Amino acid sequence: MNHFCRIENIKIHTILTAKEAYHIAKEYHKLYNIDGLIPEDINKAVYLDENNHITNEVTWMIRSYLEENTLEGMDELTIMVSDSSKQVSHVLDHNGIPVNNQKVDIYDNEELYKLFDDDEIL
């Protein structure tokens with residue numbers, strides 16, 4: 001089983017289709033005025049995480065590309081859509097750290113160390 005799958009390579013049963021997850025993320029993106037632009041091509045925007053370490057479940061990952069950012073690796077946000085609840089569970093910043101709607105970190109350092117291996121946090 002792959003951890004991350006492009007939508008054309010999904011081999012597990014999901015509740016949502018890629019298109020449904022995409023539309024949930026697009027609505028959330030618009031409602032909360034999330035930075036960036038979600039590509040119109042679903043194949044460029046949507047991935048499936050078959051066992052996400054934050055949600056501990058099947059999670060759709062929809063990318064929002066940040067415009068006018070010259071720093072490599074800091075060019076996207078990710079909107080996570082829970083397959084089971086059919087709603088947005090988290091938004092990840094360009095470092096993969098969950099943020100809330102007000103764009104304030106929702107985890108302190110101790111909580112981050114519980115989410116990630118020590119070697120993943122600089």
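Here the structure is a predicted model, which is why all the values come from computation and not from measurement. All values below come from the heavy atoms of this structure, side chains included, with hydrogens, waters and symmetry mates left out.
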Would you please name every residue forming a side chain to side chain donor-acceptor pair (under 3.5 Å) with Ser84, sequence neighbours left out? Glu57, Ser82
Can you check whether Asp93's main-chain N or O pairs, donor with acceptor, with Thr78's side chain at less than 3.5 Å? no
For the residue pair Val99 and Leu92, establish whether any side-chain heavy-atom pair is separated by less than 4.5 Å. no
What distance separates Thr59 OG1 from His53 NE2, expressed to the nearest 0.5 Å? 10.0 Å
Just jot down the side chain to side chain donor-acceptor pair (under 3.5 Å) partners of Gln87, sequence neighbours excluded, or say none. none
Is the shortest heavy-atom distance from the side chain of Val88 to the side chain of Met80 under 4.5 Å? no
Would a hydrophobic clustering, with Ile, Leu, Val, Met, Phe, Trp and Tyr connected at side-chain separations under 4.5 Å, put Ile79 with Leu66? yes
Does some side-chain heavy atom of Trp60 sit less than 4.5 Å from a side-chain heavy atom of Ile24? no
Would you mind reporting whether Leu77 and Arg63 have side-chain heavy atoms less than 4.5 Å apart? no
Just by modelled atom types, is the Ile54 backbone N or O under 3.5 Å from a matching donor or acceptor in the Asn52 side chain? yes
When clusters are formed by joining ILVMFWY residues with side-chain heavy atoms under 4.5 Å apart, either directly or through shared neighbours, do Val46 and Tyr28 land in the same one? yes
Would you say the side-chain atoms of Ser64 pair up with the backbone N or O of Leu37, donor to acceptor, closer than 3.5 Å? yes
About how many Å separate CD of Glu20 and NZ of Lys86, when rounded to the nearest 0.5 Å? 7.0 Å
Report the C-alpha separation of Ile12 and Leu48 in whole Å, then their side-chain angles, then the decisive distance to 0.1 Å, and conclude whether the side chain to side chain contact (heavy atoms under 4.5 Å, CB included) test is met. CA-CA 10 Å; Ile12 65 168; Leu48 183 70; 4.0 Å; yes
With a 3.5 Å distance limit and no angle check, can you tell me whether His29 reaches the backbone of Gly36 through a side-chain donor-acceptor pair? yes
Which heavy atom of Val81 sits nearest to which heavy atom of Ala21, and what is that distance? CG2-O, 3.9 Å
Thr55 vs Asp49, test: side chain to side chain contact (heavy atoms under 4.5 Å, CB included). Steps then yes/no. CA-CA 10 Å; Thr55 62; Asp49 188 344; over 6 Å; no
Excluding sequence neighbours, so at least two apart, what forms side chain to side chain donor-acceptor pair (under 3.5 Å) with Glu27? none
Is the backbone N or O of Thr17 less than 3.5 Å from a side-chain atom of Thr14, with the two atoms forming a donor-acceptor pair by type? no
Under a 3.5 Å distance rule, please check whether Asp83 uses its side chain to pair with a backbone N or O of Ile15 as donor and acceptor. yes
In this structure, CD1 of Ile62 is separated from OH of Tyr22 (nearest 0.5 Å) by 9.5 Å
Once you round to the nearest 0.5 Å, how far does NE2 of His90 lie from CD1 of Ile97? 11.5 Å
Please examine the side chains of Glu76 and His94, heavy atoms only from C-beta on, and report whether any two atoms are closer than 4.5 Å. no
